Structure formats: structure tokens, C-alpha cells
Amino acid sequence: MTEASAAPSPDGAAAAEALALPKTYDPRGTEARWQAAWEAAGAFHPDPNAPGEPFSVVIPPPNVTGSLHMGHGFETALIDTVVRFQRLQGKNVLCLPGTDHASIAVQSILEKQIKAEGGSKDDLGRDAFLERAWAWKAESGGTIVGQLRRLGYSVDWRRERFTLDPGLNKAVVEAFVRLHEQGLIYRGEYLVNWCPASGSAVSDLEVEMKELDGHLWHFRYPLTEGAAGDAAGDAAGLDHLVVATTRPETLLGDTGVAVHPTDPRYAALVGRTITLPLVGRQIPIVADAHVDPAFGTGCVKVTPAHDPNDFAIGARHGLPLITVMAKDGSMNAAAGRFAGLDRFEARTAVVAAMEAEGFLVKVEPHRHSVPFSDRGKVPVEPLLSTQWFARAEPLAARCRAALDQGEPRFVPQRWEKVYRDWLTDIRDWCISRQLWWGHRIPAWFVVSETGGVISDATPYVVARDAEEAQAKAEAQFGAASRAAGRALQLEQDPDVLDTWFSSGLWPFSTLGWPDANAADLATWYPTSVLVTGFDIIFFWVARMTMLAGAFLQEDGVPVGGRDTWIPFRDVMIHGLVRDENNRKMSKSAGNGIDPLPLIERYGADALRFALVREVAGAGQDIRLDYDRASGNSATVEGARNFANKLWNATRFALINLGGETPASLGEPDPAALTLADRWILSRLARVNGETAERYTSYALGEAAKGLYEFAWNEVCDWTIELLKRRLNPRPAVEGEPLSAEVMADQRVARQVLAKVLNELLVLLHPLMPHLSEELWHGLTGAPEGTFLALQAWPAVDAAALDASLEAQFAELIEAIRVVRNLRAVAGLKPSQAAPVVFLTGRPELATVLRAGSGDITALTRAASVEVRETSTTDAAGSTPMSARCLAAVSGELQVLLPIEGLVDLDALRGRLEKDIAKAEKEIKGLAGRLANPNFAGKAPPEVVAECQANLAEAEAQAALARQRLADLD
């Protein structure tokens with residue numbers, strides 16, 4: 001299409017096709033094509049030696065067992081928005097992906113498979129089981145990685161890590177050995193949360209509390225007859241105490257009964273003994289401040305081996321620990337006649353026996369919190385077990401000190417307190433798990449010292465490998481073993497480490513630690529930001545900072561000349577994605593929303609944009625609209641419509657740019673710009689700066705909302721409409737060529753349109769990467785191998801900024817809206833031209849209206865545009881014209897539409913009278929509803945407020961219609 005062409009077709013359409021932009025947007029094909037192109041070109045595979053300020057993110061590794069859920073989709077959209085923006089800022093960006101080996105989950109899957117085949121893991125043996133586990137990982141473990149790729153994650157897939165890969169295993173072993181050498185890892189017997197389903201200890205953080213309806217059993221514990229102090233019992237008028245419990249099966253392990261030291265009811269009994277029912281064991285009555293004298297009878301049974309609070313009481317009073325339960329959840333030999341029963345079967349049997357022997361006082365219904373294993377999905381059992389522990393307090397102290405210096409920075413800041421509170425009230429971390437799939441603990445037991453078996457008394461050595469373990473054992477035990485005629489025999493600890501131990505090393509193990517000279521570690525540690533959910537501040541965020549403090553600093557000084565040892569400068573905490581009813585999504589509730597069908601229907605960009613745009617503030621939960629019957633989401637469909645709007649706007653540009661690109665068109669001459677041109681270029685510069693600031697400060701929802709409003713309203717609805725007549729001018733005389741002046745203005749219009757769209761696509765790229773990449777290539781004609789993703793963020797054109805013009809042009813746009821509304825009220829046909837009169841007491845507004853009269857004429861079908869400057873009083877008063885007009889007021893502007901001779905005035909009066917009657921009927925109904933005390937006093941406040949707002953609107957519409965009716969007389 002030549003510059004002198006009077007119309008865009010067919011040459012413009014051919015230009016659009018030549019630039020390979022189809023009529024309709026196909027997200028599936030577009031997204032797959034760009035994902036493949038980015039990856040094939042290594043677009044997101046950075047060089048640690050490349051120029052640019054380093055910026056790095058290690059993504060929270062999803063479990064290898066997982067499949068994509070909406071939480072992953074939301075987190076991915078947030079992270080990718082951040083890193084794509086930083087890449088456009090010219091930084092050397094690393095976004096490193098990976099997956100977690102998920103010890104308990106994988107082992108559970110495999111054990112179920114083996115059981116279905118009629119076998120067990122023990123039948124297979126450890127080596128064969130692990131071989132099968134790695135085979136499962138190779139076959140099924142990549143599901144979520146493929147799904148993450150579909151979202152357009154701009155990560156470096158060539159650096160993808162797995163928490164069990166050799167490099168990370170080396171880091172885990174090194175970390176364990178160093179912590180043990182520092183005295184921060186020890187082995188000991190302690191009460192742990194035991195999951196009978198998985199056969200492993202689980203940490204406090206892997207326990208989920210569930211509210212359940214149960215029972216509270218009250219039992220009579222008789223005082224021991226004939227024991228010293230009977231007189232005290234008689235004086236108290238008691239021959240027994242009553243205790244209550246929700247777990248009757250544990251009474252078989254009771255070793256005491258506790259009362260409060262100041263409770264006068266039992267003061268005389270402290271030091272006496274109880275004869276434990278069903279068992280016959282004499283147990284002491286002790287005084288302990290932990291007991292709440294106001295709860296129940298004020299007497300508490302103490303089972304130190306089966307309850308953490310009782311464990312503490314027992315330690316204070318030297319009570320023995322009697323374990324009555326095996327690790328499979330059955331009762332052991334210490335349970336006497338109940339041995340071999342499942343714990344819940346034993347509960348029923350113990351209650352029946354207590355009732356039969358006259359010890360059951362009463363049973364009450366009782367709703368209480370029961371700890372469940374997050375993985376095993378069964379109630380955990382506090383059990384005594386010899387495990388490996390990390391001393392948490394010394395590790396946490398460093399983190400608290402760093403937090404006092406503002407490291408890391410939490411966004412939003414309120415989560416800093418949650419992090420600090422957890423670091424302040426912390427128990428030692430049980431890091432061993434009785435599983436096979438995972439990082440095997442690098443400790444070797446010298447079993448030759450204990451008859452060839454591992455026991456609590458077996459000595460051990462901690463080493464990096466079997467060879468080092470053999471040397472350490474030889475140095476410590478070799479001479480004594482040879483003197484005793486024993487061959488030195490070692491056996492590695494069969495347990496594995498808690499998955500969170502290896503995940504805690506993630507920000508630096510993935511970058512090459514413990515190799516201090518690793519290029520990635522030197523360039524990208526500390527990482528720039530961690531984006532994660534609030535629910536794993538304890539599980540993961542704190543563990544990463546604690547372990548970083550053990551290895552990335554010495555005496556408070558960061559190693560490697562860094563300015564900090566903290567593993568991430570910022571922690572951006574995001575909320576949850578809630579369902580259409582604003583409920584938390586969960587498997588148990590069955591209300592999850594699968595993102596993959598939404599991607600299939602609307603595209604990944606639409607889903608990403610919809611999720612980010614819903615964020616009302618950092619850390620806030622979002623709600624996703626979803627129709628389960630149809631599979632539709634109005635929220636995501638709205639984002640898809642936005643994508644279509646951008647697609648159509650870019651096609652319009654391609655048809656109307658005369659086959660040129662932003663580069664070939666160049667920058668417009670400021671002196672040649674129209675009022676509308678200067679307005680949109682000022683708005684573009686302002687939105688550029690605002691968007692960059694929002695991306696930088698993690699106000700991603702605000703960035704998405706701002707770009708949506710700018711692109712949809714100011715670019716597509718106004719700028720393109722305002723430019724149409726200049727892009728396709730008509731010659732003054734039909735058949736004659738365009739004048740040089742008109743052609744010059746046409747080129748300016750093209751330059752403005754090209755510049756606005758080109759920059760807009762860059763601004764949108766972090767949020768809608770595939771669509772923007774496709775449209776940018778269509779617009780710029782960029783060659784293959786050149787990517788928008790790697791371009792520079794456009795500089796803000798400070799010279800274009802004009803706040804006063806923006807405000808005045810907004811009034812011009814509002815004036816056009818008012819004229820269009822008046823034309824609709826009058827019933828004018830689109831082809832009918834009608835004069836427009838503006839009255840204002842503000843000279844600067846009058847100047848803008850006159851300068852924009854050509855645009856007003858084009859967009860309102862005005863036969864003429866007259867702007868009158870009047871006093872403020874005149875402008876706001878009655879219509880100062882003899883001709884019949886429709887009038888409206890917008891701020892300090894009165895708009896008149898003379899209609900006499902253009903419309904049937906009697907028909908218009910009839911329509912206005914109908915509008916008045918309709919409004920008055922609505923007013924009557926709403927006023928009556930609000931006057932009803934049953935509604936006003938009982939309806940939800942938001943419903944009452946909506947009714948009040950509707951009444952005010954109806955009253956305003958009625959008043960407006962009456963005024964217009966009066967203007968016709």
C-alpha cells in the first residue's frame with residue numbers, strides 16, 4: 001500500500017498476510033510455537049560471565065509426583081512476570097527450575113504398586129526398590145515439568161535440577177557432615193511424630209491438625225491401699241482420682257498422675273501413689289504447673305512415652321518412659337493382654353475392660369484437634385524413637401540477627417512477623433526418615449562393636465563416603481577391635497533425610513555449592529527474590545535461611561566477598577487461589593480447578609493474565625470465577641477477549657501502516673503532532689513509568705489492571721478511533737492525489753500508532769509473553785532468532801509527559817461520550833449529522849475543545865462544533881438557545897444538542913415520559929424496600945448499600961429525564 005492510497009484494502013490486507021498475522025488468534029498454535037523457539041534458541045540460558053546486573057530466581061521445586069494445579073499456575077505467572085520484566089531491564093537473568101524428590105509420596109506410590117502385585121518393598125530389597133523408583137521417576141516424574149512448560153515459563157531448562165541428582169546429593173552430604181562437625185547435628189532418643197502408615201517420623205510441620213468429633217472418657221484411678229499417707233487421703237475424703245482422656249489405649253503406659261501445685265483439693269495427695277487400673281502398676285501423684293486446675297477434675301494422667309507435654313512433665317519428675325505401641329500402630333508386649341491389637345481396636349477394648357471392672361465414670365462427646373500425617377493421612381502417634389536431629393536454635397539465632405538488619409525483606413511486610421515468631425519459638429528439627437527413597441544419611445554404624453546389629457548403643461562415624469567412613473572407624477575403633485579379635489564391620493544408616501533438608505539447600509546447591517568457585521554461585525548468589533506461598537514460610541523459607549547461615553557466612557561475614565549470606569534479598573509472599581465460592585481449594589473438598597482445560601480453551605496467556613490481574617494487593621488471596629457444569633471461566637474468558645482485542649488492534653495497524661515497521665517509520669516530529677497524538681504519547685510515557693515501578697515493587701496485579709485499562713480504553717477504543725480518518729484520508733477532490741500536507745499527517749499518524757503499539761507490547765510481555773511475542777514479530781518484522789523477550793525496556797519519553805494535557809483531554813473524551821449519549825436519547829441514526837454546542841467558563845477547556853473539534857466531528861457525526869466561553873454560572877444554568885435542545889452537564893462543561901427539525905419531538909417526549917414512569921416505579925419499589933425494617937435491619941450491609949445506590953441512581957435518572965422533557969417545551 002502506497003502512502004497516497006485512499007483506502008487500506010486490498011494492499012493493506014495483503015501486507016497483514018505477508019507479515020503472517022492471521023485473522024483470528026489461535027493461542028494453542030501460537031504458544032507452542034514460541035515455547036519451542038525460545039527453548040531451541042537457548043533464549044533463557046544465561047552466561048554467568050555475560051554483562052548486566054545479575055538477577056536470579058530459583059523456582060520452588062514442585063514434587064516430582066505432582067501434576068499442575070491452580071496454585072502452580074498462579075505462582076508460575078507471578079514468578080515469570082517478575083523475571084521477564086527484569087530481563088527486559090537488561091539484567092543477566094537466571095530463572096532456575098527443578099523438582100523435589102518427595103520421599104514419602106514417591107515411596108507410598110511405589111509400595112502401593114508393589115502391594116498390588118502381591119509383594120512388598122522388603123521382598124524386593126533396597127537396591128531393587130531404588131532401581132524401580134528411578135525407573136518410575138524417568139517414566140512418570142516429568143509430568144509436571146511438561147505442564148509447566150505449557151505456561152511459557154522462561155526458565156533455563158538446561159539447568160533443570162532434581163533434588164536427588166548427583167550434584168545436589170553431594171551438597172546434602174557435605175552439609176550433613178559440616179553440621180555434625182559443628183555439633184549442630186546429633187543422634188538421640190526423643191518423642192517424635194510417628195506416621196504408622198508410612199512407617200516414618202514426620203516433622204511438626206508435616207502434621208495437619210483436623211477437628212474431629214470424638215469422646216472424652218473419664219476414668220477412676222484408685223489410690224493405692226495400705227501405702228504411706230493413707231491418712232492424708234482420708235483427710236481429703238478421697239479414695240480415688242478421676243482423670244479424663246481422648247486416647248484410652250495410652251493409659252497402659254501411664255507412669256504418673258499430675259495435679260497443680262496450688263490446687264487445695266489434692267495438695268495432701270502429692271507424693272502418694274495410684275494403682276493403675278488393668279495394669280496394677282503403682283504410679284506417683286506429682287505436682288506440676290503445666291496442669292490447668294480449672295480443666296476437668298484438675299487431674300492429668302501422665303504418659304511420657306506417648307505425649308509431648310507428658311514427656312516434659314515426666315522429665316521434670318523423673319518418671320519412667322513406657323512405650324506400649326509398636327511403630328505399625330499396634331500394641332506391643334508392654335500393653336499386656338492388649339498386645340497385638342491395632343491402636344483403635346485397643347481403644348475400644350480398654351474402654352470395655354475399664355467399664356467391666358468399674359473404673360469408667362462417664363463418657364462425653366468431645367470435639368477436638370487430632371494431628372494427622374500430611375502424607376500418610378492417618379493420625380500420627382507420638383512415639384519415643386532414636387532419630388537424627390538438627391539443633392535449631394543456633395541456626396535460627398543467625399537468622400533473627402539478619403532480620404534485625406532487614407534481611408530478607410518480606411513483601412508484604414506483615415509476613416516478617418510470622419517468620420520471626422517461628423524462628424523465636426523453635427524446637428530441634430528431626431531430620432531422619434525411615435524410608436528408602438531419598439538422601440541416605442551419611443553415617444556408618446560400627447556394628448562389629450554391638451554384635452553385628454544396629455542398636456541405640458552402636459557407635460557411628462559420619463563421613464562423606466564409605467572410604468572416608470572406613471578410615472574414620474579404623475582410627476577410632478580399629479585397634480580395640482583387633483585386640484578383641486573382631487573384624488571391623490560398618491553398616492550405613494538405612495534412614496534417609498527429611499525432604500526439607502535437601503530443599504533447604506536449594507538456593508545455593510543448585511548454583512554449584514559446595515564448590516566455592518562455581519561460576520553460577522559466584523554470579524547469582526544470593527538470589528534476588530523468592531516467590532512463594534505463606535503456608536511454607538516455616539517448612540521452607542526459614543530452613544533455607546537457617547542452612548545458608550551455616551554455610552555461606554563465617555563469624556557473621558558472608559563468604560566469597562558477598563554483601564549478604566541470606567539466600568534471597570526479597571521474599572514475595574502470595575496468597576491462595578480460591579474457588580468460585582471463595583473457598584480454599586483442596587483435594588479433600590474436591591473443589592480444585594484444573595488449569596489445563598482452561599489453557600486448552602483460552603490459552604496460557606489468558607490464564608496467566610487473569611490470575612495476576614485478580615491480585616488486589618501483594619499477598620492477597622484471589623478468587624477465580626468458574627462454572628463447573630460448562631467448564632467456562634468468565635475471568636479467564638475476559639482475559640482471552642483482551643488478547644483478541646490486542647490481536648485485532650495489531651492487525652489494524654498492519655493493514656494501515658503501509659507495509660512499514662516502527663523502525664522504518666521512525667519517531668514522529670513533535671512539531672507535527674496533533675492534540676490527540678500528544679495526549680496518547682504522554683499517556684504512553686506515564687504508563688511506561690508506572691508499569692515499570694509496579695513490576696519492580698511486585699505490585700503485579702496493579703500493573704496488569706493498569707495495562708488493561710490503558711490498552712483497552714485509551715489505545716484500542718480511543719486512539720485507534722481517533723487515528724482512523726488520518727490513516728485513511730480522502731483527497732479533497734475525488735480522484736485527485738492526496739496533498740503533501742495530508743500525506744505528511746498520515747505518516748505522523750502511522751508513526752504514532754506504530755510507536756504506541758510497539759511499546760505497549762513490550763510493557764505487556766511479562767504478563768502475556770506468547771501473544772506479545774507473536775504480535776511484536778508481526779509489527780516489527782523481526783527476523784527469526786530475534787525475540788521480544790530479549791529486547792530492552794523502552795525508555796520513558798520524559799519530554800512527552802504533560803499532566804495538564806492528559807487531564808484536559810480526558811475532559812474532551814468525556815464530552816464526546818456525553819454527545820454520543822445525547823444522540824442516543826434523541827434517537828438519531830448513526831448517519832444523521834447534528835450540530836453540537838459546548839459551553840464552558842474555563843478558557844483552557846475551551847481551547848482544548850476547539851483544538852479537538854476535528855476529532856469531535858469525526859467521532860460524533862457532528863454537523864458543526866461550536867465552543868462558547870461563558871461565565872461559570874451561565875455554563876451550569878439553563879439552555880441559552882432558542883432552538884429546542886437536549887442538554888447535559890459534565891463537570892464545568894455544558895453540552896447542547898440542537899435537535900429541532902432532526903427528530904420527531906412528540907415521539908421523543910413520549911420516550912422521556914416512559915423513562916420517567918419506569919424510573920418512578922423503580923424508585924417506589926426501592927424506597928419501600930429500604931423503609932421495611934425487616935429488610936433494612938436484617939439484610940447484609942452490602943445488600944442494603946447496593947439497594948441505596950440503586951435508589952440514588954434511579955432518582956438521578958428520573959430528574960435528568962424530567963429536565964430533558966422540560967427543555968423540549
Side-chain angles (χ1 to χ4, degrees), residues 645 649 652 673-684 686-687 708-729 745 749 752-753 756 802-870 875-876 879 881 885-899 902-903 956-957 960 963-964 967:
K645 187 88 168 178
F652 171 85
L673 296 173
T674 67
L675 180 75
D677 295 338
R678 291 190 291 115
W679 165 73
I680 192 58
L681 292 179
S682 179
R683 290 295 302 136
L684 177 66
R686 193 169 308 282
V687 169
Y708 179 91
E709 294 299 324
F710 175 68
W712 190 293
N713 297 326
E714 298 179 79
V715 176
C716 296
D717 283 357
W718 287 103
T719 297
I720 287 179
E721 288 302 311
L722 289 165
L723 289 173
K724 277 182 178 178
R725 63 189 177 89
R726 295 166 59 205
L727 291 167
N728 297 288
D745 182 64
V752 169
L753 178 59
V756 169
D802 189 334
S804 176
L805 172 62
E806 291 178 39
Q808 292 168 6
F809 202 85
E811 292 182 290
L812 185 148
I813 288 174
E814 185 57 31
I816 292 172
R817 286 196 182 103
V818 171
V819 173
R820 286 173 166 176
N821 182 53
L822 290 177
R823 287 178 59 88
V825 171
L828 290 172
K829 297 177 183 178
S831 60
Q832 274 185 286
V836 177
V837 179
F838 296 112
L839 292 87
T840 180
R842 287 170 49 208
E844 69 275 13
L845 177 56
T847 300
V848 168
L849 292 170
R850 290 188 184 103
S853 61
D855 293 326
I856 295 171
T857 299
L859 297 184
T860 66
R861 292 290 296 166
S864 62
V865 175
E866 182 181 356
V867 181
R868 300 180 187 176
E869 292 185 44
T870 65
T879 305
M881 294 187 69
C885 299
L886 286 179
V889 175
S890 175
E892 298 177 70
L893 177 70
Q894 186 175 22
V895 183
L896 306 177
L897 184 71
I899 55 173
L902 296 175
V903 300
Q957 290 299 322
L960 182 61
Q963 180 62 51
R964 285 173 176 165
D967 288 342

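Bear in mind that the values here come from a model prediction, so they are computed numbers and not experimental data.
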### Task
Please report the closest heavy-atom contact between Thr840 and Glu892, naming both atoms and the distance.
OG1-O, 3.1 Å
### Task
Supply the atom-to-atom distance Ile816 CD1 to Asn821 CG, rounded to the nearest 0.5 angstrom.
14.0 Å
#### Entry: Ile856 side, atom CD1; Arg850 side, atom CZ - distance, nearest 0.5 Å
11.0 Å
### Task
Would you check if the side chain of Thr857 reaches a backbone N or O of Ser853 as a donor-acceptor pair within less than 3.5 Å?
yes
### Message
Just so I know, are the side chains of Asp855 and Arg725 near enough to count as touching, which here means a heavy-atom distance under 4.5 Å?
### Response
yes
### Task
Could you tell me whether a side-chain N or O of Asp677 sits under 3.5 Å from a main-chain N or O of Thr674, the two making a donor and an acceptor?
yes
### Working for side-chain contact (heavy atoms from CB on, under 4.5 Å), residues Val825 and Leu897
CA-CA 10 Å; Val825 171; Leu897 184 71; over 6 Å; no
### Query
Out of curiosity, Arg683 CZ to Leu805 CG, how far, rounded to the nearest 0.5 Å?
10.5 Å
### Query
Is any side-chain heavy atom of Val819 closer than 4.5 Å to a side-chain heavy atom of Phe838?
yes
#### Entry: Arg861 versus Arg823, closest heavy-atom pair with distance
O-NH1, 3.7 Å
### Query
What distance do Ile813 atom CD1 and Leu722 atom CG have between them, rounded to the nearest 0.5 Å?
7.0 Å
### Message
Quick check: do Gln832 and Ile899 have side-chain heavy atoms less than 4.5 Å from each other?
### Response
no
### Message
For Glu806 versus Trp679, what's the shortest heavy-atom pair and its separation?
### Response
CA-CD1, 3.9 Å
### Query
Between Leu896 and Leu839, what is the shortest heavy-atom contact and its length?
CD1-CD1, 3.2 Å
### Query
Are any of the side-chain heavy atoms of Val895 and Val889 separated by less than 4.5 Å?
no
#### Entry: Nearest-0.5 Å distance, CG of residue Leu849 to CZ of residue Arg868
14.0 Å
### Message
Is any side-chain heavy atom of Lys724 closer than 4.5 Å to one of Ile720?
### Response
yes
### Message
For a quick test of reading the model, state the closest non-hydrogen atom pair linking Asn713 to Glu709 and the distance between them.
### Response
ND2-OE1, 2.6 Å
### Message
Between Phe809 and Ile680, is there a side-chain heavy-atom distance shorter than 4.5 Å?
### Response
no
### Message
Quick check against the 3.5 Å criterion: does Arg820 have a side-chain atom that pairs as donor or acceptor with the backbone of Leu859?
### Response
yes
### Task
Write down the atom of Ser890, the atom of Val818, and the distance for their closest heavy-atom approach.
CB-CG2, 4.1 Å
